*Asks:* 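Pasting in a structure now, in structure tokens, and then I'll have a few things to ask.
These numbers were taken from a predicted model, which means no experiment stands behind them.
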Amino acid sequence: MAFTVTNLEGNEIADDYTRTAATGGRWGDTWGVFKSNFGKIVLNNIFVLLFFVPAIALLFIRTIYISGLGYQYPFNANTGIGYPAYPGTQGLNESIYLSADLLFYGLLIAAGLIASVGIAGGAYSMKRLLNSHGKFSLKSFFHGVKIGYLNVAAPLMVFLTFYFACVIIGDWRDLTGAKGGSVAGATTAYVFIIIATVLVGVYCAWLIATGVSYKLKVGQLLKNAFVLMVGSPVQTVFFAGMSLIPVWIFVIGLSVSFIKIFAYIIFIFIGFSFILLVWMSYTQWVFDLYVTPNLKKAEEEAKAKRTPEQVKADEIEESKRVAMELLASGRSELICKPILPIQSEPAIKPLSATFTRKNLSEVKEERAKLSENISAYENEHKNDAVYKEYNALFAEREKALKEDGKKKGKKKKISSENLLK
């Protein structure tokens with residue numbers, strides 16, 4: 001990459017979760033998150049969909065509006081005496097589309113301000129779900145809105161403005177052709193605006209991904225999104241297309257009614273979440289290529305933010321986890337009670353090749369002192385959570401086995417093989 005994105009390092013937005021390392025490849029890990037968190041993905045999709053309702057309603061009303069005008073305008077009138085009259089309707093249909101699109105696609109830009117709420121929350125939730133392997137909450141959705149709304153709304157407004165221009169120029173080209181005018185200039189403009197809209201759309205998608213992932217100034221955000229986009233053009237095009245699979249299904253459904261119904265179902269349940277999940281997974285992969293995540297530092301920062309009560313609760317949970325692992329391997333006298341750690345210097349000085357009774361007395365005293373230290377250490381730590389939990393688990397299991405043995409007239413042998421059965 002000709003440019004650098006080093007200013008991303010240390011600015012990642014992850015203040016409400018701790019990032020964990022991926023156990024497998026990026027896409028294997030993403031597939032695992034998708035399978036094991038399907039309910040959360042559906043819930044996220046519903047919340048995103050709620051904020052897209054105004055935009056969807058506008059497009060629906062536009063269709064009804066154009067259909068209503070089609071019935072009112074005299075496309076095929078009759079004089080009432082048996083002879084149809086054909087008034088001059090050249091370009092009238094195209095004029096209706098142009099006037100309707102000026103109104104409704106202009107309002108669509110405003111509706112994008114509401115849709116930005118859903119995109120900001122949904123994109124951050126998908127990023128959090130991927131980086132924490134399953135953590136999702138409605139609180140995190142609205143936290144994503146709080147920190148990323150402006151970084152989503154601004155690029156979305158730019159893209160919708162280009163899309164508006166694309167639609168209007170297309171309508172102008174159709175109107176010019178319907179009236180018998182030359183469409184060469186309009187067609188050229190239409191081709192260029194389509195290309196510009198696609199390029200701006202991809203760039204805005206990178207701006208959104210970078211804006212909800214890192215806390216940056218406007219200039220840094222614009223530069224880094226551009227650098228990351230041009231640094232991986234082939235991958236960007238491929239994964240942008242892959243993320244839009246629900247859209248492609250919908251486009252195909254415009255010609256096939258069954259597929260169109262299927263596309264509606266997809267968008268209601270997982271469409272928006274799928275787009276955001278794939279795109280955020282891909283962009284996180286690109287981020288990690290150039291900015292190595294310091295997971296250890298993230299864990300330390302997360303620990304520093306915890307309250308003493310949370311720290312104590314985590315320690316107890318860790319002790320339980322260790323005890324369960326030890327329980328599975330069978331009870332051990334070396335584990336069920338505290339053992340004095342080995343010191344750097346020997347507690348008992350070894351005897352030399354020649355020694356006296358005094359040396360033997362010293363060794364005896366040192367051994368007695370060591371025994372006292374062992375007992376003192378054991379008494380001091382015998383109530384530690386790890387030993388207490390470990391012994392309690394075995395005690396409960398032994399009691400259950402004894403009671404079971406009394407019922408059957410035979411006592412089971414306690415061993416690592418039958419302890420957990």
Side-chain angles (χ1 to χ4, degrees), residues 1-5 7-8 13 26-27 30 48 52 55 105 108-109 111-113 115-116 118-124 126-127 130 144 148-170 189-214 216 218-252 267 271-291:
M1 187 175 288
F3 303 99
T4 62
V5 289
N7 52 8
L8 293 179
I13 301 175
R26 166 61 62 179
W27 294 106
T30 302
V48 175
F52 270 81
Y105 280 99
L108 186 65
I109 297 176
L113 293 171
S116 297
I119 295 174
Y124 182 80
M126 291 298 97
K127 177 181 82 89
L130 288 164
Y149 176 75
L150 292 178
N151 290 337
V152 172
L156 185 61
M157 291 302 99
V158 173
F159 169 70
L160 288 177
T161 301
F162 271 82
Y163 184 69
F164 171 77
C166 186
V167 172
I168 299 306
I169 292 175
Y190 191 46
V191 171
F192 275 103
I193 194 62
I194 289 175
I195 296 172
T197 302
V198 172
L199 293 176
V200 169
V202 174
Y203 180 53
C204 289
W206 266 110
L207 282 172
I208 291 171
T210 309
V212 299
S213 299
Y214 293 93
L216 300 168
V218 176
Q220 294 175 334
L221 181 62
L222 294 171
K223 173 203 165 186
N224 289 331
F226 178 77
V227 170
L228 292 165
M229 181 182 71
V230 300
S232 54
V234 177
Q235 298 95 322
T236 293
V237 171
F238 176 79
F239 286 108
M242 182 178 175
S243 67
L244 293 175
I245 286 177
V247 177
W248 306 138
I249 295 175
F250 183 79
V251 171
I252 296 172
F267 267 106
F272 295 105
S273 287
F274 179 87
I275 293 170
L276 294 172
L277 181 70
V278 173
W279 183 248
M280 294 307 296
S281 179
Y282 163 65
T283 53
Q284 290 296 304
W285 172 71
V286 176
F287 292 147
D288 292 348
L289 284 179
Y290 302 105
V291 184

*Asks:* For the backbone of I109 and the side chain of Y163, can you confirm whether one donor and one acceptor N or O come within less than 3.5 Å of each other?
*Replies:*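 Checked: no pair found.
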*Asks:* Shortest non-hydrogen contact from I194 to C166?
*Replies:* CG1-SG, 3.6 Å
*Asks:* Donor-acceptor check, side chain of S281 to backbone of L277, threshold 3.5 angstrom: yes or no?
*Replies:*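 Here the side-chain-to-backbone pair does not exist.
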*Asks:* Hey, could you give me the CD1/CD1 distance between I119 and I208, rounded to the nearest 0.5 Å?
*Replies:* 5.5 Å
*Asks:* Taking all heavy atoms of A196 and all of F162, pick out the closest pair and write down the distance.
*Replies:*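 Nearest heavy atoms, A196 then F162: CB-CE2, 4.1 Å.
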*Asks:* Are the side chains of F226 and M229 in contact, using a 4.5 Å heavy-atom criterion?
*Replies:* yes
*Asks:* I need the minimum non-hydrogen distance between C204 and P155, along with the two atoms involved.
*Replies:*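 Between these two residues, the closest heavy atoms are SG-O, 3.2 Å.
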*Asks:* Measure the shortest side-chain to side-chain distance between L221 and Y214 over non-hydrogen atoms and say whether it is less than 4.5 angstrom.
*Replies:* no
*Asks:* Once ring pair (Phe, Tyr, Trp, His ring centres under 6.0 Å) is applied, do any residues pair with F274, and if so which ones, sequence neighbours excluded?
*Replies:* none
*Asks:* To the nearest 0.5 angstrom, please state how far the CG atom of L207 sits from the CZ atom of F159.
*Replies:*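 Answer rounded to 0.5 Å: 13.0 Å.
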*Asks:* For S116 and A153, work out which heavy atoms get closest and say how close.
*Replies:* OG-CA, 3.3 Å
*Asks:* Please check: side-chain N/O of Y149 versus main-chain N/O of L113, any donor-acceptor pairing under 3.5 Å?
*Replies:* yes
*Asks:* CG/L216 to CG/N151 distance, rounded to the nearest 0.5 angstrom?
*Replies:* 8.5 Å
*Asks:* Could you give me the CA-CA distance, side-chain angles and deciding distance for F267 and F52, then say whether ring-ring contact (aromatic ring centres under 6.0 Å, His included) is met?
*Replies:* CA-CA 11 Å; F267 267 106; F52 270 81; 9.0 Å; no
*Asks:* Would you find a donor on one side and an acceptor on the other, under 3.5 Å apart, between the side chain of W279 and the backbone of A123?
*Replies:*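 Not at all, since once roles are kept as given, no pair shorter than 3.5 Å links the two residues.
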*Asks:* Could you report the tightest heavy-atom contact between L108 and L160, atom names first, then the distance?
*Replies:*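 What the structure gives for the nearest pair is O-CD1, 3.8 Å.
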*Asks:* Count the heavy atoms belonging to other residues, nucleotides or ligands that lie under 6.0 Å from CH2 of W248, then report whether that count exceeds 12.
*Replies:* no
*Asks:* Show the nearest heavy-atom pair for residues S213 and F287, with the distance to one decimal.
*Replies:* OG-CE1, 3.7 Å
*Asks:* Please report the interatomic distance CD(Q284) to CG(L130), rounded to the nearest 0.5 Å.
*Replies:*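 Between Q284 CD and L130 CG, I get 7.0 Å after rounding to 0.5 Å.
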*Asks:* Side chains of I13 and V212: closer than 4.5 Å at any heavy-atom pair?
*Replies:* no
*Asks:* Would you compute the distance between atom CD1 of I193 and atom CD1 of I169 and round it to the nearest 0.5 angstrom?
*Replies:*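 Reported to 0.5 Å precision, the distance equals 4.5 Å.
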*Asks:* Determine, step by step, whether L228 and T283 satisfy the side chain to side chain contact (heavy atoms under 4.5 Å, CB included) criterion, reporting the C-alpha distance in whole Å, the side-chain angles of both residues, the deciding distance to 0.1 Å, and the verdict.
*Replies:* CA-CA 9 Å; L228 292 165; T283 53; over 6 Å; no
*Asks:* So which pairs with a foot in residues 236-245 pass side chain to side chain donor-acceptor pair (under 3.5 Å), sequence neighbours left out?
*Replies:* W206-T236, S232-T236, T236-Y282
